[in-house]
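First the structure, in the form of structure tokens, and then the observations on it.
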Amino acid sequence: MQEPRTLGECEFGSVVTLITGHRVELVRENFEFPGWLLVKNLADGAVFEYHKTCRLKEGV
């Protein structure tokens with residue numbers, strides 16, 4: 001099975017590293033703005049929105 005390359009390819013609850021280097025947990029889809037996902041930064045617990053096409057850091 002191929003590793004996910006974008007945030008949109010991950011399952012909710014997954015912990016991934018974004019191309020920016022931030023380790024985040026994928027929380028849920030933003031229902032007001034389809035295509036945008038809510039993620040929780042594991043470093044400080046802050047919640048942010050990223051588009052589902054946001055790239056993941058490879059080889060982590």
Side-chain angles (χ1 to χ4, degrees):
M1 182 175 190
Q2 183 177 346
E3 289 291 316
R5 297 186 62 149
T6 64
L7 196 55
E9 297 172 1
C10 299
E11 296 182 19
F12 295 114
S14 299
V15 174
V16 296
T17 303
L18 302 177
I19 194 75
T20 59
H22 295 96
R23 294 276 298 159
V24 299
E25 177 184 357
L26 182 56
V27 179
R28 68 174 174 85
E29 185 174 2
N30 183 337
F31 301 117
E32 294 179 36
F33 302 100
W36 290 85
L37 304 170
L38 297 176
V39 298
K40 181 171 70 171
N41 186 336
L42 297 181
D44 61 7
V47 176
F48 293 96
E49 294 177 322
Y50 282 96
H51 196 265
K52 65 181 180 181
T53 58
C54 180
R55 300 277 313 234
L56 301 179
K57 192 167 189 174
E58 296 182 29
V60 180

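Keep in mind that this is a model prediction, so the values were computed, not measured.
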Going through the checks in order, is the side-chain contact (heavy atoms from CB on, under 4.5 Å) test met by Glu25 and Leu42? CA-CA 7 Å; Glu25 177 184 357; Leu42 297 181; 4.1 Å; yes
Using the side-chain contact (heavy atoms from CB on, under 4.5 Å) definition, which of the options Lys52, Glu49, Glu29 pairs with Trp36? Glu49
Any side-chain heavy atom of [X] within less than 4.5 Å of one from [Y]?
X     : Y     : result
Asn30 : Leu37 : no
Val39 : Val47 : no
Arg5  : Leu56 : no

Thr6-Arg55 side chain donor-acceptor pair, cut-off 3.5 Å: no
Determine, stepwise, if the pair Tyr50 / Leu7 fulfils side-chain contact (heavy atoms from CB on, under 4.5 Å). CA-CA 8 Å; Tyr50 282 96; Leu7 196 55; 3.7 Å; yes
His22 side chain vs Val24 backbone, donor-acceptor pair below 3.5 Å: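 Answer holds: no.
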Nearest heavy-atom neighbours spanning Val15 and Arg23: CG1-NH2, 3.2 Å
Can you name the nearest heavy-atom pair linking Leu26 to Glu11, along with the distance?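 Smallest interatomic distance, heavy atoms only, reads CD2-O, 3.6 Å.
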Derivation and outcome, side-chain contact (heavy atoms from CB on, under 4.5 Å), residues Asn41 and Phe48: CA-CA 7 Å; Asn41 186 336; Phe48 293 96; 4.2 Å; yes
